[in-house]
Amino acid sequence: MLKYLIVALALCAVAHADDWTPKTGEEIRKIRVDCLKENPLSNDQISQLKNLIFPNEPDVRQYLTCSAIKLGIFCDQQGYHADRLAKQFKMDLFEEEALQIAQSCVDDNAQKSPTDVWAFRGHQCMMASKIGDKVRAFVKAKAEEAKKKAA
């Protein structure tokens with residue numbers, strides 16, 4: 001058990017050694033596909049996620065946790081990395097403003113929640129923030145753009 005803890009902490013430390021860069025749209029799509037394979041969701045859950053509705057259900061929490069870990073923005077030992085959250089999801093905000101929002105959503109899991117609950121809590125906070133508003137507007141614009149191209 002001690003070996004596992006040391007390896008996990010070392011991996012988090014290496015991951016946080018910040019040669020990290022924000023993921024591209026294509027990298028994010030691949031991560032989502034990989035996490036969906038690892039954490040299958042029902043058609044209803046997938047439909048909700050496409051509409052940016054995130055039900056507080058174990059399968060959805062596991063999927064979101066997988067995505068956050070593979071994006072390199074969350075570690076199961078340290079939680080969310082506010083600096084990486086800000087860089088990945090700043091949208092058209094100044095990075096300083098995005099960082100303040102991200103920092104307000106990061107917690108040290110003092111209540112010792114399971115990892116998926118901890119990750120989901122941070123995700124919900126981000127989606128309830130100005131960054132979440134920007135993400136929803138971006139997704140809506142992309143969907144409208146796709147409809148116009150299809151017509």
Side-chain angles (χ1 to χ4, degrees), residues 11-13 15-151:
L11 288 174
C12 284
H16 201 58
D18 268 345
D19 54 347
W20 179 89
T21 56
K23 304 300 181 251
T24 65
E26 188 56 39
E27 289 171 318
I28 292 170
R29 276 187 283 285
K30 183 182 180 329
I31 287 168
R32 287 181 179 159
V33 168
D34 290 348
C35 288
L36 197 53
K37 287 178 186 172
E38 293 173 30
N39 304 279
L41 298 174
S42 70
N43 289 338
D44 184 50
Q45 289 169 323
I46 291 170
S47 177
Q48 289 181 64
L49 294 183
K50 285 181 179 178
N51 290 307
L52 299 178
I53 298 167
F54 303 95
N56 187 359
E57 299 169 356
D59 294 343
V60 173
R61 292 193 310 260
Q62 289 292 333
Y63 167 78
L64 291 172
T65 301
C66 175
S67 298
I69 289 170
K70 289 183 184 238
L71 282 168
I73 59 173
F74 182 87
C75 172
D76 62 4
Q77 299 298 312
Q78 298 171 315
Y80 280 103
H81 304 293
D83 56 333
R84 293 179 181 186
L85 275 172
K87 288 176 184 166
Q88 184 70 54
F89 297 108
K90 69 180 184 173
M91 307 302 281
D92 61 353
L93 299 173
F94 287 109
E95 195 166 319
E96 300 79 34
E97 182 179 7
L99 182 59
Q100 286 180 338
I101 293 168
Q103 286 171 332
S104 74
C105 288
V106 170
D107 73 68
D108 64 0
N109 199 23
Q111 56 271 64
K112 305 292 183 222
S113 302
T115 302
D116 65 314
V117 173
W118 185 18
F120 188 78
R121 186 169 56 239
H123 179 271
Q124 291 297 91
C125 178
M126 289 291 286
M127 289 305 294
S129 74
K130 191 174 186 178
I131 289 175
D133 294 342
K134 300 277 184 184
V135 167
R136 281 186 286 281
F138 175 80
V139 169
K140 183 178 179 183
K142 286 290 187 187
E144 290 172 2
E145 185 179 304
K147 281 182 186 175
K148 287 180 185 175
K149 285 182 180 178

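Basis for what follows: all heavy atoms, side chains included, without hydrogens, waters or symmetry-related copies.
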Could you grab the distance from atom [atom1] of [X] to atom [atom2] of [Y], nearest 0.5 Å is fine?
| X | Y | atom1 | atom2 | value |
| --- | --- | --- | --- | --- |
| L85 | L71 | CG | CG | 9.5 Å |
| S42 | E57 | OG | CD | 7.0 Å |
| D34 | K30 | CG | NZ | 3.5 Å |
| C66 | K37 | SG | NZ | 12.0 Å |
| K70 | C35 | NZ | SG | 5.0 Å |
| I53 | M127 | CD1 | CE | 10.5 Å |

Considering only heavy atoms from C-beta outward, does the side chain of [X] approach that of [Y] to under 4.5 Å?
| X | Y | answer |
| --- | --- | --- |
| Y63 | R32 | yes |
| F120 | T65 | no |
| K87 | W20 | yes |
| Q45 | L49 | no |

Considering all heavy atoms, the nearest [X]-[Y] contact:
| X | Y | answer |
| --- | --- | --- |
| Q48 | P55 | OE1-CG, 3.4 Å |
| I46 | L36 | CD1-CD2, 4.2 Å |
| A86 | A102 | N-CB, 4.2 Å |
| D92 | K134 | OD1-NZ, 3.0 Å |
| K23 | I31 | CG-CD1, 4.4 Å |
| I131 | F89 | CG2-O, 3.4 Å |

How about CG on N56, more than 12 heavy atoms from neighbouring residues, nucleotides or ligands closer than 6.0 Å, or not?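 Yes, CG of N56 has more than 12 neighbouring heavy atoms, counting only those of other groups under 6.0 Å.
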Passes salt bridge (charged side-chain N to carboxylate O under 4.0 Å, His left out), D133 versus K130? Steps please. CA-CA 5 Å; D133 294 342; K130 191 174 186 178; over 6 Å; no
Do the side chain of W118 and the main chain of D76 share a donor and acceptor less than 3.5 angstrom apart?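 No, W118 side chain to D76 backbone: no donor-acceptor pair under 3.5 Å.
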For Y80 and I73, indicate whether the former's side chain and the latter's backbone hold a donor-acceptor pair under 3.5 Å.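 No; judged by distance alone, with no hydrogens or angles, the pair does not exist.
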If the threshold is 4.0 Å, N to carboxylate O, is there a salt bridge linking R29 and E26?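 Salt bridge present between R29 and E26.
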Ionic contact status for K149 with E145, cut-off 4.0 Å: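 A salt bridge links E145 with K149.
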Listed by chain and number, what are the side-chain hydrogen bond (donor to acceptor under 3.5 Å, both in side chains) partners of Q62, not counting sequence neighbours?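 Testing Q62 for side-chain hydrogen bond (donor to acceptor under 3.5 Å, both in side chains), a comparison that skips the adjacent residues, returns none.
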N109 and Q111: CA distance, side-chain angles, deciding distance, side chain to side chain contact (heavy atoms under 4.5 Å, CB included) verdict: CA-CA 5 Å; N109 199 23; Q111 56 271 64; 4.0 Å; yes
Hey, could you give me each pair passing disulfide (SG to SG under 2.5 Å) that has a residue in residues 87-151? Not counting sequence neighbours.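 As it turns out, the disulfide (SG to SG under 2.5 Å) pairs with a partner in residues 87-151, which skip direct neighbours, are C105-C125.
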